[in-house]
S.K.: 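Would you mind keeping the following structure in view while I ask a few things?
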Amino acid sequence: MYCFEKLKLNKDFRRIYGRGSSFVNPAFVTYVLKNRNKTVRMGITVSKKIGGAVERNRAKRIITAAFRECAPQIVKGHDFVFVARTRILNCKSQDIAADMLENLKAANVLNKTDE
RNA sequence: UCAGUCGGUUGGACGGCUGCGGAUAUUAAAUUAUCUGAGGAAAGUCCGGGCACCACAGGGCAGGAUAACGGCUAACCGCCGCCGAGGGCGACCUUAGGGAAAGUGCAACAGAGAUAUACCGCCGCAUUUUGCGGUAAGGGUGGAAAGGCGAGGUAAGAGCUCACCACACGAAUAGGUAACUAUUUGUGUCUGUAAACCCUAUUCGGUGCAACGCUAAGUAAGACUAUACAUUUGCCCGAUGUGUCUUGAAAAGCGGCUUGAGCCUGUAGGUAACUGCAGGUCGAGAUAGAUAGUCGUCUACAACAGAACCCGGCUUAUAGACCGAGUGAGCAU
RNA sequence: AGGGGUGUCGUCAAGCGGUAAGACAACGGAUUUUGAUUCCGUCAUUCGUAGGUUCGAAUCCUGCCACCCCUG
(Lines give C-alpha, C1' and ligand atoms only; values in the text may rest on other atoms or scores of the structure.)
Protein backbone atom coordinates (compact mmCIF):
# COMPACT_ATOMS: atom_id res chain seq x y z
CA MET A 1 0.00 0.00 0.00
CA TYR A 2 1.16 3.49 -0.84
CA CYS A 3 1.35 5.68 2.25
CA PHE A 4 1.69 9.43 2.74
CA GLU A 5 2.04 11.87 5.61
CA LYS A 6 -0.37 14.60 6.62
CA LEU A 7 0.57 18.23 7.06
CA LYS A 8 -0.30 19.57 10.50
CA LEU A 9 1.65 22.72 11.30
CA ASN A 10 0.47 26.16 10.34
CA LYS A 11 3.97 27.19 9.13
CA ASP A 12 3.98 24.39 6.53
CA PHE A 13 0.67 25.58 5.15
CA ARG A 14 1.93 29.15 4.98
CA ARG A 15 5.10 28.10 3.18
CA ILE A 16 3.11 26.24 0.52
CA TYR A 17 0.59 29.06 0.07
CA GLY A 18 3.39 31.62 -0.32
CA ARG A 19 5.92 29.79 -2.49
CA GLY A 20 3.97 27.00 -4.21
CA SER A 21 2.17 27.04 -7.53
CA SER A 22 -1.63 26.83 -7.62
CA PHE A 23 -4.21 25.22 -9.95
CA VAL A 24 -7.90 26.00 -9.79
CA ASN A 25 -10.94 23.80 -10.33
CA PRO A 26 -14.66 24.46 -9.70
CA ALA A 27 -14.60 22.03 -6.78
CA PHE A 28 -11.21 22.71 -5.16
CA VAL A 29 -7.83 24.49 -5.41
CA THR A 30 -4.48 22.65 -5.51
CA TYR A 31 -1.16 24.01 -4.21
CA VAL A 32 2.09 22.13 -5.02
CA LEU A 33 5.63 22.66 -3.67
CA LYS A 34 8.81 20.55 -3.70
CA ASN A 35 10.18 19.45 -0.34
CA ARG A 36 13.63 18.11 0.63
CA ASN A 37 12.43 14.79 2.07
CA LYS A 38 11.61 11.90 -0.20
CA THR A 39 7.98 11.60 1.00
CA VAL A 40 4.57 12.75 -0.20
CA ARG A 41 2.79 15.02 2.22
CA MET A 42 -0.78 16.31 1.97
CA GLY A 43 -2.91 18.82 3.79
CA ILE A 44 -6.57 19.82 3.47
CA THR A 45 -8.14 23.19 4.21
CA VAL A 46 -11.89 23.44 4.67
CA SER A 47 -13.19 26.80 5.85
CA LYS A 48 -16.40 27.59 7.66
CA LYS A 49 -17.76 28.93 4.36
CA ILE A 50 -18.47 25.34 3.30
CA GLY A 51 -20.98 24.65 6.05
CA GLY A 52 -21.29 22.99 9.43
CA ALA A 53 -19.27 20.19 10.90
CA VAL A 54 -21.03 17.51 8.87
CA GLU A 55 -20.34 19.23 5.55
CA ARG A 56 -16.72 19.97 6.45
CA ASN A 57 -16.07 16.37 7.46
CA ARG A 58 -17.61 15.16 4.22
CA ALA A 59 -15.42 17.48 2.15
CA LYS A 60 -12.31 16.17 3.91
CA ARG A 61 -13.33 12.56 3.33
CA ILE A 62 -13.96 13.08 -0.35
CA ILE A 63 -10.61 14.79 -0.90
CA THR A 64 -8.79 12.09 1.07
CA ALA A 65 -10.46 9.32 -0.96
CA ALA A 66 -9.64 11.02 -4.27
CA PHE A 67 -6.03 11.61 -3.27
CA ARG A 68 -5.64 7.97 -2.29
CA GLU A 69 -6.59 6.97 -5.85
CA CYS A 70 -4.09 9.36 -7.40
CA ALA A 71 -1.28 8.80 -4.93
CA PRO A 72 0.55 5.83 -6.58
CA GLN A 73 1.33 7.90 -9.70
CA ILE A 74 2.93 10.81 -7.87
CA VAL A 75 6.70 11.43 -7.82
CA LYS A 76 8.05 11.48 -4.29
CA GLY A 77 9.29 14.66 -2.70
CA HIS A 78 6.31 17.00 -3.05
CA ASP A 79 3.88 18.68 -0.68
CA PHE A 80 0.23 19.24 -1.59
CA VAL A 81 -2.50 21.40 -0.09
CA PHE A 82 -6.12 21.15 -1.23
CA VAL A 83 -8.59 23.93 -0.44
CA ALA A 84 -12.23 22.89 -0.68
CA ARG A 85 -14.87 25.04 -2.36
CA THR A 86 -18.63 24.96 -1.96
CA ARG A 87 -19.36 22.90 -5.05
CA ILE A 88 -17.52 19.84 -3.69
CA LEU A 89 -20.51 18.74 -1.61
CA ASN A 90 -22.51 17.73 -4.71
CA CYS A 91 -19.64 15.80 -6.37
CA LYS A 92 -18.56 12.16 -6.24
CA SER A 93 -15.03 11.17 -5.40
CA GLN A 94 -14.43 9.73 -8.88
CA ASP A 95 -15.07 13.11 -10.51
CA ILE A 96 -12.79 14.73 -7.99
CA ALA A 97 -10.07 12.18 -8.72
CA ALA A 98 -10.27 12.90 -12.45
CA ASP A 99 -10.01 16.64 -11.86
CA MET A 100 -7.13 16.06 -9.47
CA LEU A 101 -5.20 14.04 -12.07
CA GLU A 102 -5.54 16.90 -14.58
CA ASN A 103 -4.22 19.37 -12.03
CA LEU A 104 -1.30 17.13 -11.14
CA LYS A 105 -0.46 16.63 -14.80
CA ALA A 106 -0.33 20.37 -15.22
CA ALA A 107 2.00 20.55 -12.23
CA ASN A 108 4.40 17.93 -13.71
CA VAL A 109 4.54 15.75 -10.64
CA LEU A 110 3.25 12.50 -12.15
CA ASN A 111 5.41 9.45 -12.74
CA LYS A 112 6.17 9.33 -16.48
CA THR A 113 7.43 5.77 -16.39
CA ASP A 114 4.01 4.39 -15.50
CA GLU A 115 2.29 5.88 -18.52
C1' U B 1 -67.28 10.94 8.91
C1' C B 2 -65.16 15.75 9.74
C1' A B 3 -62.53 19.09 13.01
C1' G B 4 -59.38 19.76 16.93
C1' U B 5 -56.26 18.47 21.82
C1' C B 6 -52.47 15.72 24.40
C1' G B 7 -48.64 11.94 24.90
C1' G B 8 -45.11 8.42 22.92
C1' U B 9 -41.91 5.50 19.29
C1' U B 10 -38.79 5.61 14.96
C1' G B 11 -35.05 8.69 12.34
C1' G B 12 -33.57 4.04 5.93
C1' A B 13 -32.55 -1.57 5.03
C1' C B 14 -29.48 -5.60 2.66
C1' G B 15 -25.13 -7.33 -0.14
C1' G B 16 -20.05 -6.91 -3.02
C1' C B 17 -15.05 -4.39 -3.60
C1' U B 18 -11.43 -0.62 -1.65
C1' G B 19 -10.17 2.05 2.99
C1' C B 20 -10.04 4.66 8.55
C1' G B 21 -9.91 5.04 14.67
C1' G B 22 -9.59 1.83 19.12
C1' A B 23 -8.95 -2.81 22.01
C1' U B 24 -7.11 -7.90 22.31
C1' A B 25 -3.97 -11.81 20.37
C1' U B 26 0.33 -12.71 17.21
C1' U B 27 5.17 -11.29 14.85
C1' A B 28 12.14 -9.21 15.51
C1' A B 29 9.34 -5.53 12.66
C1' A B 30 6.16 -4.27 8.67
C1' U B 31 1.93 -7.20 9.09
C1' U B 32 -2.18 -10.59 9.97
C1' A B 33 -6.79 -12.23 12.60
C1' U B 34 -11.09 -11.22 15.72
C1' C B 35 -14.30 -7.72 18.12
C1' U B 36 -16.02 -2.85 18.13
C1' G B 37 -16.88 2.35 16.48
C1' A B 38 -21.74 9.39 16.90
C1' G B 39 -27.17 11.76 18.52
C1' G B 40 -32.29 12.69 19.92
C1' A B 41 -30.85 16.61 19.90
C1' A B 42 -23.90 14.88 19.97
C1' A B 43 -25.95 21.73 18.63
C1' G B 44 -26.66 26.49 21.59
C1' U B 45 -23.53 26.86 26.13
C1' C B 46 -28.73 28.92 29.28
C1' C B 47 -28.91 26.53 34.49
C1' G B 48 -27.41 22.58 38.25
C1' G B 49 -23.98 18.76 39.91
C1' G B 50 -19.73 15.32 39.85
C1' C B 51 -14.39 15.47 39.33
C1' A B 52 -9.58 18.25 39.87
C1' C B 53 -6.70 22.15 41.96
C1' C B 54 -6.36 26.68 45.00
C1' A B 55 -2.03 28.93 51.83
C1' C B 56 -9.76 25.18 54.03
C1' A B 57 -13.86 28.19 52.31
C1' G B 58 -14.26 32.88 58.17
C1' G B 59 -17.04 38.03 59.16
C1' G B 60 -19.16 42.74 57.15
C1' C B 61 -20.67 45.81 52.96
C1' A B 62 -21.73 45.57 47.88
C1' G B 63 -23.54 42.23 43.91
C1' G B 64 -26.21 38.07 41.42
C1' A B 65 -30.21 34.43 41.29
C1' U B 66 -34.97 32.55 42.85
C1' A B 67 -40.28 33.77 44.60
C1' A B 68 -48.20 30.52 45.86
C1' C B 69 -48.14 25.32 48.24
C1' G B 70 -46.73 19.92 48.79
C1' G B 71 -43.39 16.39 46.89
C1' C B 72 -39.08 14.16 43.70
C1' U B 73 -33.81 14.61 43.12
C1' A B 74 -26.79 14.39 44.16
C1' A B 75 -28.48 19.33 42.80
C1' C B 76 -31.29 22.96 40.08
C1' C B 77 -33.79 28.96 36.95
C1' G B 78 -35.49 21.39 36.52
C1' C B 79 -39.65 17.77 36.89
C1' C B 80 -44.48 15.84 39.05
C1' G B 81 -48.98 16.93 41.62
C1' C B 82 -52.13 20.67 43.24
C1' C B 83 -54.21 25.87 44.33
C1' G B 84 -55.20 30.81 42.39
C1' A B 85 -55.57 33.94 37.80
C1' G B 86 -56.42 34.20 32.36
C1' G B 87 -58.02 31.80 27.52
C1' G B 88 -61.07 27.86 24.95
C1' C B 89 -68.14 25.09 23.62
C1' G B 90 -64.76 21.09 25.16
C1' A B 91 -60.45 17.63 25.40
C1' C B 92 -56.91 21.07 27.14
C1' C B 93 -53.46 25.30 27.10
C1' U B 94 -50.74 29.70 29.30
C1' U B 95 -48.88 31.69 33.84
C1' A B 96 -41.29 35.68 36.98
C1' G B 97 -47.99 34.04 40.91
C1' G B 98 -44.27 37.47 47.88
C1' G B 99 -44.87 42.85 49.71
C1' A B 100 -48.16 49.18 47.04
C1' A B 101 -51.67 50.30 55.13
C1' A B 102 -42.28 50.95 55.67
C1' G B 103 -40.48 54.83 52.51
C1' U B 104 -39.02 57.33 47.73
C1' G B 105 -39.98 57.98 42.50
C1' C B 106 -43.01 58.01 37.88
C1' A B 107 -48.04 58.50 35.45
C1' A B 108 -46.66 62.09 28.60
C1' C B 109 -51.02 64.17 25.93
C1' A B 110 -55.98 65.24 27.25
C1' G B 111 -58.66 67.08 31.41
C1' A B 112 -61.01 71.91 36.21
C1' G B 113 -58.45 68.19 38.93
C1' A B 114 -53.75 62.37 38.83
C1' U B 115 -53.83 61.61 45.03
C1' A B 116 -55.49 65.84 45.18
C1' U B 117 -59.40 69.42 42.77
C1' A B 118 -63.89 72.69 41.25
C1' C B 119 -64.39 74.30 34.48
C1' C B 120 -69.65 73.88 33.05
C1' G B 121 -73.36 72.75 36.59
C1' C B 122 -76.78 72.54 41.33
C1' C B 123 -78.11 75.29 45.99
C1' G B 124 -78.01 79.53 49.63
C1' C B 125 -76.87 84.76 50.62
C1' A B 126 -75.59 89.51 48.84
C1' U B 127 -75.86 91.91 44.37
C1' U B 128 -76.46 92.75 39.15
C1' U B 129 -72.61 92.29 32.14
C1' U B 130 -71.14 89.52 38.96
C1' G B 131 -68.99 88.27 44.16
C1' C B 132 -68.74 85.00 48.53
C1' G B 133 -69.93 80.30 50.66
C1' G B 134 -71.75 75.04 50.38
C1' U B 135 -71.75 70.55 47.28
C1' A B 136 -69.88 66.48 44.08
C1' A B 137 -75.79 63.85 41.78
C1' G B 138 -75.04 65.10 36.15
C1' G B 139 -71.51 66.75 31.75
C1' G B 140 -66.88 66.19 29.29
C1' U B 141 -61.08 64.04 29.39
C1' G B 142 -58.38 59.74 30.35
C1' G B 143 -55.78 53.30 30.98
C1' A B 144 -57.31 55.05 35.92
C1' A B 145 -61.79 60.39 38.69
C1' A B 146 -62.97 58.16 45.71
C1' G B 147 -67.13 50.88 44.70
C1' G B 148 -72.27 49.78 41.91
C1' C B 149 -77.55 50.37 42.14
C1' G B 150 -82.14 51.67 44.67
C1' A B 151 -84.58 54.04 48.83
C1' G B 152 -84.40 57.50 52.87
C1' G B 153 -82.42 62.19 53.80
C1' U B 154 -81.25 67.54 52.27
C1' A B 155 -81.47 74.42 50.60
C1' A B 156 -78.67 71.41 46.99
C1' G B 157 -75.96 67.15 47.90
C1' A B 158 -72.75 63.40 49.90
C1' G B 159 -71.85 55.56 52.75
C1' C B 160 -74.53 60.76 55.81
C1' U B 161 -78.12 56.29 56.96
C1' C B 162 -80.37 51.55 55.29
C1' A B 163 -81.29 46.99 51.97
C1' C B 164 -78.88 44.08 48.05
C1' C B 165 -74.35 43.18 45.32
C1' A B 166 -68.75 43.55 44.50
C1' C B 167 -63.93 43.81 46.70
C1' A B 168 -60.08 44.02 50.86
C1' C B 169 -58.68 42.66 55.84
C1' G B 170 -59.68 40.09 60.62
C1' A B 171 -62.31 36.09 63.36
C1' A B 172 -65.12 31.41 63.76
C1' U B 173 -66.84 26.66 61.68
C1' A B 174 -66.23 22.62 57.88
C1' G B 175 -62.84 20.23 54.15
C1' G B 176 -57.49 19.77 52.78
C1' U B 177 -50.45 17.75 54.89
C1' A B 178 -50.51 22.81 52.78
C1' A B 179 -51.36 26.81 49.34
C1' C B 180 -56.50 27.45 49.40
C1' U B 181 -61.92 26.71 49.03
C1' A B 182 -67.09 27.10 51.10
C1' U B 183 -70.38 29.29 54.78
C1' U B 184 -71.30 32.80 58.79
C1' U B 185 -69.90 37.29 61.11
C1' G B 186 -67.26 42.12 62.18
C1' U B 187 -64.60 46.39 60.16
C1' G B 188 -63.63 49.15 55.88
C1' U B 189 -64.03 51.20 50.30
C1' C B 190 -57.50 52.74 50.34
C1' U B 191 -55.60 54.64 41.84
C1' G B 192 -51.81 52.00 38.97
C1' U B 193 -46.70 50.68 38.62
C1' A B 194 -41.87 46.68 42.40
C1' A B 195 -39.71 42.67 34.44
C1' A B 196 -38.89 51.59 38.79
C1' C B 197 -35.64 52.13 43.29
C1' C B 198 -36.70 49.28 47.34
C1' C B 199 -38.39 45.72 51.54
C1' U B 200 -38.90 40.42 53.09
C1' A B 201 -37.40 35.17 52.75
C1' U B 202 -34.07 31.48 50.67
C1' U B 203 -29.46 30.87 48.28
C1' C B 204 -24.41 31.70 45.81
C1' G B 205 -16.00 30.62 47.81
C1' G B 206 -12.96 30.80 43.15
C1' U B 207 -10.98 28.57 38.75
C1' G B 208 -12.05 25.19 34.95
C1' C B 209 -9.63 18.83 31.64
C1' A B 210 -5.74 24.39 27.79
C1' A B 211 -8.12 21.97 35.40
C1' C B 212 -4.39 18.91 37.47
C1' G B 213 -0.20 15.15 37.79
C1' C B 214 4.33 12.78 35.67
C1' U B 215 8.52 12.53 32.11
C1' A B 216 11.78 15.09 28.81
C1' A B 217 14.08 19.80 27.64
C1' G B 218 15.68 24.32 29.82
C1' U B 219 17.25 26.65 34.42
C1' A B 220 20.46 32.47 30.98
C1' A B 221 20.18 38.04 31.87
C1' G B 222 18.20 42.29 34.48
C1' A B 223 15.23 44.85 38.31
C1' C B 224 12.83 45.16 43.20
C1' U B 225 12.56 43.43 48.17
C1' A B 226 10.08 42.81 54.60
C1' U B 227 6.33 49.63 55.89
C1' A B 228 7.54 44.17 50.34
C1' C B 229 4.99 40.83 47.19
C1' A B 230 1.35 37.08 46.44
C1' U B 231 -3.40 34.07 47.34
C1' U B 232 -8.28 34.09 49.29
C1' U B 233 -14.56 37.32 44.09
C1' G B 234 -15.36 43.73 43.82
C1' C B 235 -13.96 46.53 48.61
C1' C B 236 -12.68 46.34 53.98
C1' C B 237 -11.30 43.30 58.11
C1' G B 238 -9.23 38.76 59.23
C1' A B 239 -6.14 34.53 57.73
C1' U B 240 -1.99 32.25 55.24
C1' G B 241 2.70 31.83 52.48
C1' U B 242 8.06 33.52 51.25
C1' G B 243 10.92 35.37 47.33
C1' U B 244 8.54 38.28 43.39
C1' C B 245 8.46 40.71 38.59
C1' U B 246 10.20 41.68 33.43
C1' U B 247 12.63 40.06 28.96
C1' G B 248 14.56 35.89 26.20
C1' A B 249 14.63 30.57 25.13
C1' A B 250 11.70 26.15 25.14
C1' A B 251 6.57 24.87 24.72
C1' A B 252 7.29 17.83 23.11
C1' G B 253 5.11 13.28 25.03
C1' C B 254 2.17 10.27 28.58
C1' G B 255 -1.69 10.04 32.16
C1' G B 256 -6.41 12.37 33.44
C1' C B 257 -10.14 9.19 29.40
C1' U B 258 -14.45 6.47 30.28
C1' U B 259 -17.91 1.10 34.95
C1' G B 260 -21.27 5.43 35.40
C1' A B 261 -26.23 9.47 40.44
C1' G B 262 -24.84 3.66 33.80
C1' C B 263 -28.27 0.84 30.47
C1' C B 264 -32.08 -3.26 29.65
C1' U B 265 -35.96 -6.61 31.55
C1' G B 266 -39.20 -8.04 35.43
C1' U B 267 -41.49 -6.92 39.98
C1' A B 268 -43.19 -3.89 44.45
C1' G B 269 -44.61 1.09 46.39
C1' G B 270 -46.54 5.90 44.71
C1' U B 271 -52.07 9.75 41.22
C1' A B 272 -47.21 11.16 39.16
C1' A B 273 -42.16 12.85 39.06
C1' C B 274 -39.45 9.02 41.24
C1' U B 275 -37.68 5.10 44.49
C1' G B 276 -36.60 -0.06 46.36
C1' C B 277 -35.46 -5.23 45.06
C1' A B 278 -33.98 -9.33 41.62
C1' G B 279 -31.67 -10.84 37.09
C1' G B 280 -28.81 -9.56 32.80
C1' U B 281 -25.16 -6.48 30.30
C1' C B 282 -20.37 -3.43 28.90
C1' G B 283 -22.34 -0.03 24.23
C1' A B 284 -16.70 5.38 20.98
C1' G B 285 -12.42 7.56 23.40
C1' A B 286 -9.86 10.60 18.74
C1' U B 287 -5.72 14.77 19.32
C1' A B 288 -5.40 18.75 12.22
C1' G B 289 -9.22 14.94 15.07
C1' A B 290 -11.67 7.99 13.03
C1' U B 291 -17.97 5.72 10.66
C1' A B 292 -16.03 6.79 4.40
C1' G B 293 -15.73 6.00 -1.14
C1' U B 294 -18.11 3.35 -4.94
C1' C B 295 -21.52 -0.32 -7.28
C1' G B 296 -26.32 -3.12 -7.15
C1' U B 297 -31.66 -3.92 -5.19
C1' C B 298 -36.23 -1.76 -2.58
C1' U B 299 -38.88 2.83 -1.60
C1' A B 300 -40.80 8.74 -1.63
C1' C B 301 -33.16 9.70 -4.64
C1' A B 302 -34.84 10.66 3.79
C1' A B 303 -35.06 15.84 7.64
C1' C B 304 -32.06 18.34 11.41
C1' A B 305 -27.36 17.36 12.03
C1' G B 306 -20.91 15.00 14.01
C1' A B 307 -18.65 12.97 20.56
C1' A B 308 -13.70 16.08 22.47
C1' C B 309 -13.73 15.22 30.91
C1' C B 310 -18.61 13.16 32.44
C1' C B 311 -23.81 13.34 33.98
C1' G B 312 -29.22 15.72 35.08
C1' G B 313 -32.26 19.35 32.80
C1' C B 314 -33.69 23.71 29.65
C1' U B 315 -33.81 26.02 24.80
C1' U B 316 -33.49 25.73 19.61
C1' A B 317 -33.46 22.71 14.55
C1' U B 318 -36.03 18.42 12.47
C1' A B 319 -38.51 15.40 5.88
C1' G B 320 -41.44 11.48 6.65
C1' A B 321 -43.67 7.02 8.98
C1' C B 322 -46.25 4.64 13.05
C1' C B 323 -48.94 3.96 17.84
C1' G B 324 -52.08 5.33 21.94
C1' A B 325 -55.67 8.34 25.03
C1' G B 326 -59.44 12.10 25.59
C1' U B 327 -62.91 16.14 23.20
C1' G B 328 -66.64 18.76 19.98
C1' A B 329 -70.13 18.55 15.82
C1' G B 330 -73.09 15.78 12.31
C1' C B 331 -75.35 11.10 10.81
C1' A B 332 -77.05 5.96 11.86
C1' U B 333 -78.64 2.23 15.47
C1' A C 1 -13.50 26.69 27.85
C1' G C 2 -14.66 31.43 29.94
C1' G C 3 -16.09 36.65 29.38
C1' G C 4 -17.87 41.24 26.93
C1' G C 5 -20.35 44.14 23.17
C1' U C 6 -23.42 45.55 18.86
C1' G C 7 -27.98 45.21 15.77
C1' U C 8 -32.47 51.95 14.33
C1' C C 9 -33.68 54.71 6.36
C1' G C 10 -29.34 52.63 0.95
C1' U C 11 -24.70 54.45 4.44
C1' C C 12 -22.98 56.92 9.16
C1' A C 13 -25.69 57.41 13.36
C1' A C 14 -28.78 60.33 17.95
C1' G C 15 -32.72 58.88 21.05
C1' C C 16 -32.75 54.72 26.59
C1' G C 17 -40.64 54.55 29.18
C1' G C 18 -44.87 59.18 26.23
C1' U C 19 -45.65 61.52 18.17
C1' A C 20 -38.23 57.87 15.85
C1' A C 21 -33.41 63.93 15.75
C1' G C 22 -29.53 64.87 12.17
C1' A C 23 -25.86 64.28 8.08
C1' C C 24 -24.62 62.00 3.32
C1' A C 25 -27.10 59.49 -0.69
C1' A C 26 -31.68 58.97 -3.73
C1' C C 27 -36.11 61.27 -5.90
C1' G C 28 -39.09 65.82 -7.24
C1' G C 29 -39.06 71.17 -7.83
C1' A C 30 -36.77 76.33 -8.03
C1' U C 31 -32.36 79.17 -9.75
C1' U C 32 -29.17 78.61 -14.76
C1' U C 33 -28.67 78.75 -21.98
C1' U C 34 -26.78 73.79 -19.76
C1' G C 35 -24.05 71.54 -15.60
C1' A C 36 -21.94 72.22 -10.64
C1' U C 37 -22.99 75.15 -6.21
C1' U C 38 -27.16 77.02 -3.44
C1' C C 39 -32.43 76.88 -1.71
C1' C C 40 -37.21 74.15 -0.84
C1' G C 41 -39.77 69.59 -0.39
C1' U C 42 -40.30 63.93 -0.14
C1' C C 43 -38.25 59.36 2.09
C1' A C 44 -38.50 54.57 8.91
C1' U C 45 -46.22 51.44 8.46
C1' U C 46 -42.44 44.82 12.27
C1' C C 47 -36.20 49.99 15.57
C1' G C 48 -32.53 41.97 14.19
C1' U C 49 -36.57 38.24 15.64
C1' A C 50 -40.58 35.73 19.03
C1' G C 51 -43.06 36.47 23.49
C1' G C 52 -44.05 39.08 28.23
C1' U C 53 -44.53 43.47 32.01
C1' U C 54 -47.09 48.31 31.47
C1' C C 55 -52.56 52.66 30.09
C1' G C 56 -48.34 52.93 26.68
C1' A C 57 -41.97 49.62 24.86
C1' A C 58 -36.83 51.32 19.95
C1' U C 59 -36.13 51.89 25.43
C1' C C 60 -37.59 47.27 30.83
C1' C C 61 -37.42 41.49 31.21
C1' U C 62 -36.84 36.48 28.91
C1' G C 63 -35.72 33.10 24.80
C1' C C 64 -33.66 32.77 19.88
C1' C C 65 -30.73 34.78 15.21
C1' A C 66 -26.54 37.26 13.04
C1' C C 67 -21.95 39.78 13.57
C1' C C 68 -17.64 41.61 16.24
C1' C C 69 -14.01 41.69 20.20
C1' C C 70 -11.06 39.93 24.56
C1' U C 71 -8.46 36.00 27.87
C1' G C 72 -5.96 31.23 28.08
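Here is the naming used below: chain letters follow the sequence lines, and residue numbers restart at 1 for every chain. Just the heavy atoms: all of them, side chains too, but no hydrogens, waters or symmetry mates, feed the values below.
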S.K.: In the structure shown, which nucleotide is the Watson-Crick or G-U wobble counterpart of B:C89, with both distances under 3.5 Å?
M.R.: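 Its partner is none (no Watson-Crick or G-U wobble pair with both distances under 3.5 Å).
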
S.K.: Sticking with atom C1', work out how far B:C197 lies from C:G15, rounded to a whole angstrom.
M.R.: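 After rounding to an integer number of Å, I get 23 Å for this pair.
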
S.K.: Return no unless some side-chain N or O of A:Arg61 is found under 4.0 Å from OP1 or OP2 of B:U291.
M.R.: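 It does, given that an N or O in the side chain of A:Arg61 lies less than 4.0 Å from OP1 or OP2 of B:U291.
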
S.K.: Checking base pairs now: Watson-Crick or wobble, both atom distances under 3.5 Å. What partners B:C20?
M.R.: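 WC or wobble partner is B:G37.
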
S.K.: When you compare C:A14 with C:A21, how far apart are their C1' atoms, in angstrom units rounded to a whole number?
M.R.: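 Each nucleotide's C1' atom is 6 Å from the other's.
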
S.K.: Which label fits B:A62, syn or anti, where anti is any glycosidic angle not within 90° of 0?
M.R.: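 What B:A62 shows is an anti base, its glycosidic angle lying more than 90° from 0.
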
S.K.: Mind telling me whether B:G159 is syn or anti, cutoff 90° either side of 0?
M.R.: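 This nucleotide is in syn.
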
S.K.: What is the distance, to the nearest angstrom, from the CD1 atom on A:Ile63 to the P atom on B:U294?
M.R.: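 Whole-Å distance recorded here is 13 Å.
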
S.K.: Between B:U36 and B:U299, how many Å separate the two P atoms, rounded to a whole number?
M.R.: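 The answer is 32 Å between these two P atoms.
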
S.K.: Could you state the atom-to-atom distance from CD1 of A:Ile44 to P of B:G289 in whole Å?
M.R.: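 The distance from CD1 of A:Ile44 to P of B:G289 comes to 8 Å, rounded to the nearest Å.
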
S.K.: When the C1' atoms of B:U219 and B:A249 are considered, how many whole Å apart are they?
M.R.: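 B:U219 and B:A249 have their C1' atoms separated by 10 Å.
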
S.K.: Does B:A302 sit syn or anti, given that only angles within 90° of 0 count as syn?
M.R.: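 B:A302: syn glycosidic orientation.
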
S.K.: State the pairing partner of B:A308; accept Watson-Crick or G-U wobble contacts with both distances under 3.5 Å, and report none otherwise.
M.R.: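 For B:A308, the partner nucleotide comes out as none, under the 3.5 Å rule.
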
S.K.: If you measure from the P atom in B:C47 to the same atom in B:G21, how many Å do you get, rounded?
M.R.: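 Result for the P pair: 40 Å, nearest Å.
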
S.K.: Please report the distance separating the C1' of B:A23 from the corresponding atom of B:G44, rounded so that it comes out in whole Å.
M.R.: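 Between the two C1' atoms, the distance is 34 Å.
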
S.K.: Taking a pair as Watson-Crick or G-U wobble with both distances under 3.5 Å, which nucleotide is matched to B:A65?
M.R.: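 B:A65 is paired, partner B:U202.
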
S.K.: Which whole-number value in Å describes the distance from A:Ile62 CD1 to B:C20 P?
M.R.: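 It is 18 Å, rounded to the nearest whole Å.
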
S.K.: When syn is taken as a glycosidic angle within 90 degrees of 0, is B:A112 syn or anti?
M.R.: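 Anti.
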
S.K.: Expressed in angstrom and rounded to an integer, what is the separation of A:Phe67 atom CZ from B:U18 atom C1'?
M.R.: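 Atom-to-atom, A:Phe67 to B:U18, this comes out as 17 Å.
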
S.K.: Say we look at B:A158 and B:G148: how far apart would their C1' atoms be, to the nearest angstrom?
M.R.: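 Approximately 16 Å lies between the C1' atom of B:A158 and that of B:G148.
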
S.K.: Check the chi torsion on B:G326 and let me know: syn if it falls within 90° of 0, anti if not.
M.R.: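 Syn conformation here, the glycosidic angle of B:G326 being no more than 90° from 0.
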
S.K.: Could you pull out the closest heavy-atom pair between A:Lys60 and A:Ile44, with the gap in Å?
M.R.: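 Looking at all heavy atoms of both residues, the shortest contact is O-CD1, 3.8 Å.
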
S.K.: When the distance from CZ of A:Arg58 to C1' of B:G293 is rounded to whole Å, what number comes out?
M.R.: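 Going from CZ in A:Arg58 over to C1' in B:G293 covers 9 Å.
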
S.K.: Please state how far atom CD in A:Glu55 lies from atom P in B:A305, giving the value in whole angstrom units.
M.R.: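 After rounding, the reported distance stands at 8 Å.
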
S.K.: So which nucleotide does B:G170 pair with, by the Watson-Crick or G-U wobble rule with both distances under 3.5 Å?
M.R.: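 Answer to the pairing question: B:U185, which forms a Watson-Crick or G-U pair with B:G170.
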
S.K.: My understanding is that a pair needs two contacts under 3.5 Å, Watson-Crick or G-U wobble. By that rule, which nucleotide pairs with B:C164?
M.R.: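 In the structure as shown, B:C164 has B:G148 as its Watson-Crick or wobble partner.
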
S.K.: Please measure how far the P atom in B:U66 lies from the corresponding atom in B:C76, and state the result in whole Å.
M.R.: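 Pairwise P distance, B:U66 against B:C76, rounds to 15 Å.
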
S.K.: Rounding to an integer number of Å, can you tell me how far A:Lys60 NZ sits from B:U287 P?
M.R.: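 Interatomic distance, NZ of A:Lys60 to P of B:U287: 13 Å.
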
S.K.: With both distances under 3.5 angstrom, what nucleotide forms a Watson-Crick or G-U wobble pair with B:G328?
M.R.: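 Answer to the pairing question: B:C2, which forms a Watson-Crick or G-U pair with B:G328.
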
S.K.: Can you run through RNA chain C from 5' to 3' and write each base as (, ), [, ], | or . depending on how it pairs? Watson-Crick or G-U wobble, both distances under 3.5 Å.
M.R.: ((((((((.[[[..)..(...]]].(((((.......))))).....[[[[[..)....]]]]]))))))).

S.K.: How many whole angstroms separate atom CG of A:Asn57 from atom P of B:A286?
M.R.: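 Checked: the CG to P distance equals 17 Å.
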
S.K.: Suppose we define a pair by two distances each less than 3.5 Å, Watson-Crick or G-U wobble; what does B:A29 pair with here?
M.R.: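 Base-paired to nothing in any strand shown.
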
S.K.: Going by side chain to side chain contact (heavy atoms under 4.5 Å, CB included), name the residues that satisfy it together with A:Asn103, two or more places apart in sequence or in a different chain.
M.R.: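 For A:Asn103, the residues satisfying side chain to side chain contact (heavy atoms under 4.5 Å, CB included) (neighbours in sequence not counted) are A:Phe23, A:Asn25, A:Phe28, A:Thr30.
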
